[in-house]
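Heads up: the structure comes next, in structure tokens.
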Amino acid sequence: MRRFNESHPDGPLLLAGSEVDIRADGTLDYPDEVLRLLDVVIASVHSAMDQPREKMTARLVAAARHPAVTAIGHLTGRLIGRRDPVEVDVEAVLRACAEAGTWAEINAHPARLDLREEHARLAHELGVPLVINTDAHSADHFGLATFGVGIARRAWLGPEAVINTLPTEQFLRRLREKAR
Ligand SMILES: [Zn+2]
């Protein structure tokens, strides 16, 4: 991938990223030395989703504060019509994101739409940068971004609130700032 970038200076630019599990105890499922090799780390809950509210909140707050984490993915874990959101203090997690400079994902997959619009609005008001991701599992899923844009609009947010609307150089600068 890095070799591709070197041999294609005019783009497209490839970034190394991973969606990483937040384990039940709030730690991540890759060691720090692996996370440090990545340009983008999205941390999300995919297991032990029935934890009590306090434990789930502490778990997500710990991930939001982890220095290698770029963004928290699909924060409430809902699957529309199939699975309720987890029990979590969304505001506490978003405050931890604001303090740590961590971004919050608007997952644009129509089964998720997570953050939903009220939470996207709250994130923005707390100073958390939002990032619209498609949760793409194949190239033809990239078009799902339009549903994430719809959530941002319902939250009365414009492109300035969404970090991946930035031109490449500015986006990369924000990414480096996050990585510290
Ligand atoms: Zn996920």
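Read the numbers this way: they start at 1 and go in the same order the structure lists the ligands and their atoms. Only this structure's heavy atoms are used, side chains among them; waters, hydrogens and symmetry mates stay out. If you read the sequence from its start, that first residue is 1, and numbering goes on from there.
Electrostatic pairing of E125 and R121 counts as a salt bridge here, judged by a charged N lying under 4.0 Å from a carboxylate O.
At least one donor-acceptor pair under 3.5 Å links the side chain of D39 to the backbone N or O of A16.
The ring-ring contact (aromatic ring centres under 6.0 Å, His included) search around F171 returns W103, not counting sequence neighbours.
With waters neither drawn nor counted, the protein N/O/S atoms under 2.8 Å from the Zn ion (ligand 1) amount to 3.
The aromatic ring centroids of H74 and H46 lie less than 6.0 Å from each other.
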**Q.** Test side-chain hydrogen bond (donor to acceptor under 3.5 Å, both in side chains) applied to N107 and D135, step by step
**A.** CA-CA 7 Å; N107 187 299; D135 213 329; 2.9 Å; yes
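Residues R59 and V45 have side chains in contact (heavy-atom distance under 4.5 Å, counting atoms from C-beta outward).
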